[in-house]
Amino acid sequence: QVQLVESGGGLVQDGDSLRLSCVASGSITNYAMGWFRRAPMKDREFVSAISWSGSNTYYRDSVKGRFTISRDNAKNTVYLQMSSLKPEDTGVYYCAAYWIHGTTRDISTASTSAEYYDYWGQGTQVTVSS
């Protein structure tokens with residue numbers, strides 16, 4: 001099992017940047033990692049995901065070109081660099097992980113579906129004011 005702790009959220013202005021970090025309690029080498037968010041009064045939604053090696057990354061359309069996901073397996077950490085933030089990016093951001101050998105998916109990929117993810121952090125609040 002792995003425990004995940006997010007950090008880096010905060011209150012920023014429209015157009016600002018933030019970098020979220022997610023530190024795992026153990027090795028994430030065999031885990032696909034993802035970021036999800038939940039805006040007020042809305043369902044949780046996929047934001048970005050990254051394969052175990054970092055070779056494949058995925059983004060929801062609304063953040064493409066603005067957000068960048070990366071990982072440092074040696075540090076057991078995943079990052080989400082967010083630029084050109086908009087008020088609609090406001091929400092609680094959650095880091096999530098699933099063991100790549102526990103599914104039938106191609107292990108070189110990462111799922112964009114929350115149902116695949118077994119481990120979740122507590123979330124970090126991101127608020128973008130206009």
Side-chain angles (χ1 to χ4, degrees):
Q1 294 190 357
V2 61
Q3 295 179 327
L4 306 172
V5 178
E6 304 96 333
S7 63
L11 172 62
V12 296
Q13 301 276 351
D14 191 347
D16 283 350
S17 298
L18 277 177
R19 188 176 81 157
L20 305 184
S21 298
C22 170
V23 180
S25 59
S27 173
I28 59 171
T29 301
N30 290 302
Y31 289 83
M33 305 294 295
W35 286 96
F36 294 78
R37 68 187 180 193
R38 187 189 298 276
M41 306 299 289
K42 292 187 177 181
D43 293 333
R44 180 178 58 191
E45 63 183 16
F46 166 76
V47 177
S48 183
I50 187 167
S51 61
W52 75 270
S53 66
S55 60
N56 290 306
T57 58
Y58 309 83
Y59 300 94
R60 69 179 298 106
D61 287 345
S62 63
V63 309
K64 285 180 181 177
R66 300 189 298 121
F67 290 12
T68 302
I69 190 170
S70 61
R71 64 190 293 159
D72 185 339
N73 287 346
K75 295 183 178 179
N76 300 332
T77 302
V78 178
Y79 305 97
L80 186 67
Q81 177 68 48
M82 306 186 295
S83 302
S84 302
L85 282 162
K86 305 175 181 180
E88 51 263 42
D89 294 318
T90 293
V92 179
Y93 282 69
Y94 299 91
C95 177
Y98 71 87
W99 190 51
I100 58 174
H101 301 295
T103 78
T104 57
R105 288 184 61 88
D106 181 342
I107 64 172
S108 68
T109 67
S111 177
T112 61
S113 173
E115 285 70 28
Y116 270 85
Y117 292 82
D118 299 310
Y119 305 102
W120 294 81
Q122 292 300 307
T124 185
Q125 176 71 46
V126 172
T127 303
V128 185
S129 64
S130 58

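- Here the side chain of Ser51 pairs a donor or acceptor atom with the backbone of Asn56 at under 3.5 angstrom.
- Contact annotation: the side chain of Thr90 approaches that of Gln125 to within less than 4.5 Å [non-hydrogen atoms, C-beta and beyond].
- Expressed to the nearest 0.5 Å, how far OG1 of Thr112 lies from OH of Tyr58 amounts to 8.5 Å.
- Formation of a donor-acceptor pair under 3.5 Å by the Tyr79 side chain with backbone atoms of Asp72 is not found in this model.
- Placement of Tyr93 and Val78 within a single hydrophobic cluster is found when ILVMFWY residues are connected by side-chain heavy-atom separations under 4.5 Å, directly or transitively.
- Seen from the ring of Tyr116, Arg105 counts as a face-on cation partner, given the 6.0 Å and 45° thresholds.
- By the 4.5 Å heavy-atom criterion applied to side chains, Trp99 and Val2 are not counted as neighbours.
- Between Met33 and Ile69 there is no side-chain heavy-atom pair separated by less than 4.5 Å.
- Separation of atoms OG (Ser55) and CZ (Arg71) is listed at 9.5 Å; rounding is to 0.5 Å.
- Rounded to the nearest 0.5 angstrom, Ser62 OG and Asp89 CG are separated by 6.5 Å.
- Counting only heavy atoms from C-beta outward, the side chains of Leu80 and Ser48 approach each other to under 4.5 Å.
- Side-chain contact check for Arg66 versus Met82: every heavy-atom pair is 4.5 Å or farther apart.
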(Q) Working note: Phe36 + Tyr117, criterion ring pair (Phe, Tyr, Trp, His ring centres under 6.0 Å); need CA distance, chi angles, decisive distance, verdict. (A) CA-CA 10 Å; Phe36 294 78; Tyr117 292 82; 5.2 Å; yes

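- Looking at Asp61 and Lys64, a side-chain N of the basic residue comes within less than 4.0 Å of a carboxylate O on the acidic one, giving a salt bridge.
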Please tabulate, for the side chains in residues 8-28, all donor-acceptor contacts under 3.5 angstrom to protein atoms that are two or more places apart in sequence or on a different chain.
unit_1 : atom_1 : unit_2 : atom_2 : d
Gln13  : OE1    : Ser129 : OG     : 3.3
Asp16  : OD2    : Gln13  : N      : 3.0
Ser25  : OG     : Gln3   : N      : 2.9
Ser27  : OG     : Thr29  : N      : 3.3
Ser27  : OG     : Thr29  : OG1    : 3.1

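- The distance from the OH atom of Tyr31 to the CG atom of Asp118 is 8.5 Å, given to the nearest 0.5 Å.
- In the hydrophobic clustering of this structure, Tyr119 groups with Ile50; members are Ile, Leu, Val, Met, Phe, Trp, Tyr whose side-chain heavy atoms approach within less than 4.5 Å, directly or through other members.
- Proximity of Phe67 to Arg60: side-chain heavy atoms (C-beta onward) are nowhere separated by under 4.5 Å.
- In this structure, Glu45 places its CD atom where more than 12 heavy-atom neighbours from other residues, nucleotides or ligands lie under 6.0 Å away.
- Separating the OH atom in Tyr59 from the CZ atom in Phe46 is a distance of 9.0 Å, to the nearest 0.5 Å.
- Within the structure, disulfide bond (SG atoms under 2.5 Å apart) pairs that include any residue of residues 54-91 do not occur (at least two apart or interchain).
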Q. Run the side chain to side chain contact (heavy atoms under 4.5 Å, CB included) check on Trp35 and Cys95 step by step: do they pass?
A. CA-CA 5 Å; Trp35 286 96; Cys95 177; 4.0 Å; yes

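- The structure places CD of Glu6 at 8.5 Å from OH of Tyr94, a figure rounded to the nearest 0.5 Å.
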